[in-house]
Structure formats: C-alpha cells, structure tokens
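Only one structure is covered here, and it is reproduced in the block below.
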Amino acid sequence: MSEPTVTALGHAGLRLDAPGIRLLADPWLSMSGAFLGAWFPFPDNSHLLTPDLLDVDLVVVSHEHLDHLDLDLIAGLPAEIPVVIPRYPSTIMQRRLRAIGRTRVVVLDAWQRHPLGPDDWLTVIPEQCPMSHDSAVLIKLAGRSVLHTNDARISLAQTRRAMTEVGGQFDLMGAQMSGASWHPVRYEYDEVERERIATIKRVGKFKAVTRLVRQVQPRLVMPYAGPPCFLDDDLFDLNSGLRPGGIFPDQGEALAWLADRLPEQPGVCLLPGDQVDLGSLAVTRDPQWQGFSLDAGPEARRHYLAEYAVRRRAAIDAVWAANPPPAPGLAERFKAHFESLGTLSEYFLARIGMTVRFEVEGPNGGVWDAHIGPDRVRVDLDGGDCHADYRLILDGRWLDGVVSGRTRWEELLLSLRFTARRQPDQYNDYLVGLLKHADRAALRAVEEFEAARDPEETIELTVNGETIQVSRFCPHAGEDLAETGVVVNGVLRCLGHNFEFDLRTGDCLNARADSLHIKRDEPYSEAV
C-alpha cells in the first residue's frame, strides 16, 4: 500500500492523499483575496486551482478567518462534499457555510474523532481560551499522523495529548510562524519604534514555536509562516514587512530560525505544490518554482509582487466596487450599531472602560466618539473634544460595510485599511474581543473561562536572587507560564501572546489584563 502524501497549498493550506481518502485542510486558493481584497497568498498559488486538486472527499477548516475559510472556493465544490469544522461558542462558521449553500457541515467537539476510514480519523484541538476561535487539526491516515496547527496557539499539554492520540511521534507537524496582526503595522509609531515592536512580536512567535517543536520532535517540521502579501496600491508598501526581520516572516526565514536553534530537527520549506511522502519524507518539488527563490532579494521580490498585482487587478477593483462611498445616514447607522454592542456583555464593558474615537474620512464621515463601559456604550456624533484612549482613522466605505453587515469587525481590522493610535499605548484584549466576536454566546464563554481559573496554583521563580511564587497560568489566555514564560530584567513575558508582567508588583505592563498573583517572603517595597 502506498504511503500518504501531503501537498502544500500555500499559506497554511494542505491536501492529504491516502488510499481511499483525499482531503483539503484550510485551502485558500480563490482569486479574490481575503479581508476586503487586502491579503493574497505569497507566493501566488493559483496554478494549483485545477479540477484534479479539487477532486476530494472532504474539506476541514480550522477557523473562520477568510484566509482559511475560503468561501468562494468551498461554494464551488460539489454539494455532497462535507465540510468539517470545530465547535466554537459562536456559530458564525455554520452560518457562513449555510449562506453559500453548504448543507453537509460536520461540527466536531474538541478531541472528537471524525472517521475517515476503518482506522483513519481526524480531530480538532481548539485553543484553551475561547477569546480566540482557532484550532489545530490532528489527522491519522494509513498509519501516519499530521499535526496541522494552522494559526492555533495550542499548549504543550495539548500537544502531548495529541501524541498519545496518534500513538507516538508525529510524521509531519505544520507550524505557523508568521503572525497576523494589525499591530504595529497600522499604528502611528516612528520607524524605530515600529521596528522594535515588530521584532519583539516576531521573535516571541518564533520562540514559542521553537519550544513546542523541541518538546514534540516530529519526524519532520514544516513552517507555514504564511505570509500574506498586499497587492492593492493603497497597501502595497506593507510588503516591506516581508523582508528578512520584518513582521511577516516567510517560510525560508522561519525554517532557518528552527535549523539554527534545533539543528537535529529535520525540517522542510514547502512552496505551493511541493509534496512530501509521509513514509520516506522524500520531497517532490513543483516545477512551477524553478528559478524562484524566497531569498532572491528585495528588488526581485518587489518585481514579483508588482507582476502579481497586475494579475489580481480585477479582483481588487471588484472589492472597491462592492464597497462604494456610504449613503447619507452613516453616522446614525454607526451609532445604532455600536451602541447595540454595549448590550452583549457587562463583563467586557467593565474591562474596556475607554473612549474610542473614529475619524471617518470621505462622504458622510465625521469624528465620532464611542464611550465604552463601565456599564454601557454611548456614541457621541459630535466627538473630538475629550481624551480618546484609542483612535481609528478609516474611510467610511469600509466602516459602512461593518455596520451594514457585509463585513465583520475583525475582517476590517485584518484588512489593515485604517491607521490607529493608543494613549496610553496598552493593548485591550476585551475591546478587540467585543468587536471580533460581537456575539453574546462567545463573550459569555470568555467570562466563564476566566471565572474558572485558579490563581492559587503557582510556579516558583528566582528573580534577582529572590525566590517568589507566581500564578502558574497567564491571566490573559490561560497559557501555562511554566512552559511559555520567559523572565528578562524582572519582567515575565508570556510567549503565547507577548503579555508582559512586572514581577515586583504582578501588574501587566503592555495590555489590559488581571495582575499575576505573587507571593514572596517579604512584602515588596518601592524603596527596595
């Protein structure tokens, strides 16, 4: 019997083939891009969009981000092909799939096995904290195993259980090593500060993956790294983040990092269409990439992206046409929409407690202040006079898409079609969570998760010669700090999401989060 094969589709997409089963995992192949036509796969993977590639038995999608949930692609597949998705507190994925006519949707609970054959199956491993609706996919095919992490930050404990489920070492582990964030890319920092923050986030992501791979030791690790590229003229300069050391590292840079830190760990950089045999681990390269190199240099990459942009011009123009300047009454529609968000969760409002200023450009725009929390949301359409903790500057056409229901808030934010400023410069996960979910059940799940945490469980750290007891689990997303915590100059950084805590006081330094509980023999004093 032949061994299963895995074909890289670009970004985090995979096709898996084994006797009797062919499946697509998180395919992103349609020509229209994602997030308001802002993101496109890098490099261009459109040569894979063939009837043969789409002749599959099953599609599995890890989460609802449109660079994974390719609605255009899935809508065109035969109706009998099931789509397997994880169960999240929000039902947005089910609703989006129903809206494109998919009637065979299989919703899996965490660790629930979906059979693929007599001894073959797949399951999903959601992130521990429901603030992020992301999942890894674990697949067992013909005696071989694949851990497809997608964008999920799964814990070491979850990964150990995954190894137990498949009976040992993974044959292939796909690891996402490029972030997908609008910070600091769209913030009004000077270049030095933007570079500093980007470096911290990139290195933090690399270190977190390195720790996981070191513990797991798969037979072969494949970094996806993404990354997206930006082909719209308005966003094209953001491709500077693709350069070595940028915020969007490519597969080659990610693999080089792993090879330097884990020289005994076999790894591979796969471009779209490249294939690996899960038995021998032999790689077959797609001839599409003869003469192409990820490290060809900035001028060659810019030339490649410029030609790519020409090929996608019609898709980008279609996005602009679908989002025309807003009709009169945008301000009133925005006010009704945003104040309705204030009815979804008292818990979130109490933890936001800020004023967000929207500077809306173009026809029917204005300056509108949303006062969020502590117990309601109030929108002032004659804003601009008070202090704003957070400011968003954007074209009214994109905002109108959100308030009219064409677009979700997180899609707008991931589109990078805005600029922002924070004062003080601290991340508030509850504000982002309220916007990205906008769903009562999803917000309630976060509240219940955070209420259930036990702050009394601690780990022991030695800081400047002093032994202290510190909360074991990060107050943000429940990451085990015994696995993801790094201490530098008296600051504990959780590599899960780069939250930083002062180990003198326990206070979070760079975001809105509960403090760490710290126990020491002598009370802390500022005079010390």
Side-chain angles (χ1 to χ4, degrees), residues 127-129 131-132 134 149 151-160 173 175-181 183-184 193 195-217 221 223 225 245-247 249 253-254 256-263 265 425-427 429 453 455 457-520 524:
E127 285 193 25
Q128 297 175 109
C129 176
M131 187 71 91
S132 294
D134 284 320
T149 66
D151 294 348
R153 299 177 177 93
I154 60 173
S155 70
L156 181 55
Q158 288 175 304
T159 312
R160 289 192 185 112
M173 176 178 174
Q176 178 58 273
M177 293 182 68
S178 177
S181 175
H183 179 266
E193 181 65 4
E195 188 74 16
R196 183 188 72 83
I197 297 170
T199 298
I200 289 172
K201 296 185 77 167
R202 185 187 69 256
V203 171
K205 181 75 170 177
F206 278 13
K207 285 183 175 180
V209 174
T210 302
R211 283 189 167 198
L212 198 63
V213 174
R214 179 183 290 117
Q215 295 296 321
V216 172
Q217 297 181 8
V221 64
I247 190 65
E253 184 181 355
W257 170 283
L258 290 175
D260 184 57
R261 273 78 181 171
L262 305 173
Q265 171 63 57
D425 189 16
Q426 286 191 323
Y427 175 63
D429 202 30
R453 291 189 302 221
E457 187 169 354
T458 62
I459 57 174
E460 189 174 279
L461 299 176
T462 300
V463 182
N464 297 327
E466 178 189 15
T467 300
I468 60 175
Q469 302 291 322
V470 177
S471 304
R472 177 170 179 173
F473 299 103
C474 178
H476 165 238
E479 298 280 352
D480 187 344
L481 295 174
E483 299 173 359
T484 64
V486 175
V487 177
V488 179
N489 297 326
V491 173
L492 187 151
R493 176 181 297 139
C494 175
L495 293 178
H497 300 86
N498 291 312
F499 278 47
E500 296 181 345
F501 298 89
D502 187 331
L503 287 175
R504 300 171 303 167
T505 64
D507 294 340
C508 186
L509 299 174
N510 62 346
R512 175 67 181 267
D514 292 341
S515 298
L516 289 175
H517 288 249
I518 296 180
K519 299 177 183 178
R520 47 176 30 98
Y524 169 72

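A quick note: this is a predicted structure, and the numbers were derived from the prediction, not measured. All values below come from the heavy atoms of this structure, side chains included, with hydrogens, waters and symmetry mates left out.
Across all non-hydrogen atoms, the minimal contact from Thr149 to Gln176 is OG1-N, 3.4 Å. In terms of heavy atoms, Asp134 sits closest to Asp151 at OD2-O, 4.0 Å. Nearest heavy-atom pair, Leu481 versus Leu492, reported as atom, atom and distance to 0.1 Å: CD2-CD2, 3.8 Å. Smallest separation of non-hydrogen atoms from Phe501 and Leu516: CB-CD1, 3.5 Å. The minimum heavy-atom distance linking Ser155 with Gln128 is given by the pair CB-NE2, 3.5 Å. Taking every heavy atom of both residues into account, Gly485 and Arg211 meet most closely at O-NH2, 3.5 Å.
Thr159 pairs by the side-chain hydrogen bond (donor to acceptor under 3.5 Å, both in side chains) definition with nothing, not counting sequence neighbours. When the side chain to side chain contact (heavy atoms under 4.5 Å, CB included) test is applied to Ser181, the partners found at least two apart in sequence or on another chain are His183, Lys201. For Glu253, there are no side-chain hydrogen bond (donor to acceptor under 3.5 Å, both in side chains) partners two or more places apart in sequence or in a different chain. For the side chain to side chain contact (heavy atoms under 4.5 Å, CB included) test, residues two or more places apart in sequence or in another chain that qualify with Ala198 are Pro184, Ile247. Residues passing the side-chain hydrogen bond (donor to acceptor under 3.5 Å, both in side chains) test with Asp429 are Tyr427, His476, sequence neighbours excluded. Taking Gln217 as the reference, Gln265 meet the side chain to side chain contact (heavy atoms under 4.5 Å, CB included) condition, with sequence neighbours excluded. With sequence neighbours excluded, the residues forming a side chain to side chain contact (heavy atoms under 4.5 Å, CB included) with Pro223 are Met177, Ala254, Leu255, listed by chain and number. Scored by the salt bridge (charged side-chain N to carboxylate O under 4.0 Å, His left out) test, Arg196 finds Glu193 as partners (sequence neighbours excluded). Scanning for salt bridge (charged side-chain N to carboxylate O under 4.0 Å, His left out) contacts around Arg261 gives an empty result, with sequence neighbours left out. Residues passing the ring-ring contact (aromatic ring centres under 6.0 Å, His included) test with Phe473: none are found, sequence neighbours excluded. With sequence neighbours left out, Asp507 forms a salt bridge (charged side-chain N to carboxylate O under 4.0 Å, His left out) with no residue at all.
Residues Lys207 and Trp257 meet the side-chain proximity criterion, which asks for heavy atoms closer than 4.5 Å.
Sorted by first and then second residue, the pairs that involve residues 484-496 and meet salt bridge (Lys or Arg N to Asp or Glu O under 4.0 Å), not counting sequence neighbours, are Arg493-Glu500.
With values rounded to the nearest 0.5 angstrom, Phe206 atom CZ is found 11.5 Å from Asp260 atom CG. Note: Arg160 CZ to Leu212 CG = 9.5 Å, rounded to the nearest 0.5 Å. Note: Arg504 CZ to Ile518 CD1 = 10.0 Å, rounded to the nearest 0.5 Å.
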Do Thr467 and Glu460 pass the side-chain contact (heavy atoms from CB on, under 4.5 Å) test, and can you show the C-alpha distance, the side-chain angles, and the key distance before you say yes or no? CA-CA 7 Å; Thr467 300; Glu460 189 174 279; 3.3 Å; yes
Evaluate side-chain contact (heavy atoms from CB on, under 4.5 Å) for Val213 paired with Met173, printing each intermediate quantity in order. CA-CA 8 Å; Val213 174; Met173 176 178 174; 4.2 Å; yes
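Partner Leu503 forms a side-chain contact (heavy atoms from CB on, under 4.5 Å) with one of Leu461, Asn489, Val491 and no other, that one being Leu461.
Proximity of a side-chain donor or acceptor of Thr458 to a complementary backbone N or O of Gln469 within less than 3.5 Å is not detected.
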